[in-house]
Amino acid sequence: MTKKIAVLPGDGIGPEIVAEAVKVLECLKRDYGFSFEIEEGLIGGAAIDETGGPLPESTLKLSKDADAIILGAVGGYKWESLDISIRPEKGLLGLRSELSLFSNLRPAILYPQLAAASTLKPEVVSGLDLMIVRELTGGIYFGQPRGVRTLDNGEKQGYNTLIYKESEIERIGRSAFEIAQKRNRKLCSVDKANVLECTELWRETMTELSKEYPDVELSHMYVDNAAMQLVRAPKQFDVMVTTNMFGDILSDCAAMLTGSIGMLPSASLNAQNQGMYEPIHGSAPDIAGKGIANPIATILSVSMMLRYSLDEPGLADNIDKAVNDVLDKNLRTADIYTEGSKKVATEEMGDAIVAAMKKNMWDSAGGIGNPEECARSGGMSNDEY
Ligand code: IPM
Ligand code: MG
């Protein structure tokens with residue numbers, strides 16, 4: 001059946017990296033017979049400029065009707081002075097909330113080829129493979145009341161509300177326990193239960209839920225300690241589950257363990273496994289338009305989409321292998337460049353990954369593809385692949 005994929009490039013480097021992800025999808029269509037239709041939509045600042053708001057009705061409809069969504073990034077200097085309620089980020093948050101994408105999976109995997117690109121010692125990070133499960137539609141990001149008010153003495157006061165219902169904690173807990181069951185069956189729940197009542201409830205609910213998953217070893221950790229442990233000894237973790245804001249912060253921290261935030265994909269799933277797939281990095285306005293952004297996080301997001309929403313694990317494996325292959329070939333975008341490797345631009349990295357996918361297919365299927373044609377359209381010489 002033809003799958004419908006909504007593609008929302010967004011702002012900053014978003015359009016550049018999404019273009020490379022689309023090349024990968026087109027390769028899957030042309031060479032692997034994967035049948036899909038793409039429809040593009042506006043989101044974030046690009047949508048504000050065209051329509052006045054960050055999440056137009058048409059984008060919401062397109063996203064709701066799609067089997068899966070690929071998103072680039074939102075935000076930029078241009079829109080920073082707008083009221084917070086209509087900023088580009090609200091488009092992304094609105095989409096997460098409207099589609100009930102409560103379960104955000106953020107894998108942090110260190111490719112061995114990038115051990116030297118991490119700011120941490122290779123022995124601390126080598127072999128790292130952890131999964132952060134972030135609650136995505138609740139907590140302080142969405143809690144009411146919120147705002148800035150003026151007190152009687154004329155002073156302004158800002159306020160937000162950290163709020164979770166048991167049912168919200170339970171459903172993200174289930175996602176995390178189920179993921180842990182498929183991995184090394186170790187789950188660390190991160191909270192601040194020594195200070196915040198809301199996360200005391202989080203801890204109690206996780207503990208209660210753990211009775212249904214006796215095969216998973218549950219532990220608890222305060223978020224400040226978790227941040228420290230992530231840079232001290234990250235390999236102690238298998239799966240971490242945490243609130244929306246703690247997950248936002250810890251996943252950026254985990255990203256640096258892998259060498260660059262430009263390597264990390266994410267999946268945001270609802271109860272029906274419909275998902276939005278995006279790199280965890282932002283729109284990087286400082287390098288937008290320069291053609292130097294790393295497209296790998298977005299390309300790996302396509303792989304996650306095939307695995308989690310579109311039931312095509314074989315195609316996902318192929319993308320993952322192709323990424324591995326180009327890293328083996330020592331190709332690096334600027335963010336993961338280390339001396340002695342070959343620095344490539346965004347497009348070159350995308351082309352190299354497509355070429356590696358075709359080469360893999362040709363190798364494994366005994367000649368269904370044509371390696372010369374692969375190399376040509378992948379932009380690589382045949383010698384290199
Ligand atoms: C992320 C981002 C977003 C978030 C921003 C862009 C709203 O930092 O996906 O981690 O805070 O969730
Ligand atoms: Mg973030």
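As the structure lists them, so they are numbered: ligands from 1, and atoms in each ligand from 1. Starting from 1, each residue takes its place in the sequence as its number. In this text, all values refer to a predicted model and were calculated from it rather than measured experimentally.
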Seminar exercise, completed: When distances are taken from atom 8 (O) of ligand 1, the protein heavy atom at minimum range is Asp248 OD1, 3.2 Å

Exercise. Asn330 and Ser341: side-chain donor and acceptor closer than 3.5 Å?
Worked result: no

Exercise. At a 4.0 Å threshold, what atoms of ligand 1 neighbour a non-hydrogen atom of Arg96?
Worked result: 1 (C), 4 (C), 9 (O), 12 (O)

Seminar exercise, completed: Arg134 heavy atoms within 4.0 Å reach ligand 1 at atoms 1 (C), 4 (C), 9 (O), 10 (O), 11 (O), 12 (O)

Exercise. Could Glu98 and Lys64 be called an ion pair, given the rule that one side-chain N must be under 4.0 Å from one carboxylate O?
Worked result: yes

Problem set entry | Contact check, side chains of Arg183 and Met131, non-hydrogen atoms, under 4.5 Å | yes

Problem set entry | Note: Lys358-Asp31 ion pair, threshold 4.0 Å (strictly below) | yes

Exercise. Hey, is there an N, O or S on Asp248 sitting under 2.8 Å from the Mg ion (ligand 2)?
Worked result: yes

Exercise. Identify the closest protein heavy atom to atom 1 (C) of ligand 1: which residue and atom is it, and at what distance?
Worked result: Arg106 NH2, 3.3 Å

For this session: Mark yes or no: Lys186 above the aromatic ring of Phe237, with NZ or CZ under 6.0 Å from the six-membered ring centre and no more than 45 degrees from the axis.
Result: no

Exercise. What do you reckon, is CZ of Arg146 surrounded by more than 12 foreign heavy atoms closer than 6.0 Å?
Worked result: yes

Exercise. Counting heavy atoms only, which of Lys90, His281, Glu89, Glu278 comes nearest to atom 5 (C) of ligand 1?
Worked result: Glu89

Seminar exercise, completed: the protein heavy atom lying closest to atom 11 (O) of ligand 1 turns out to be Tyr141 OH, 2.6 Å

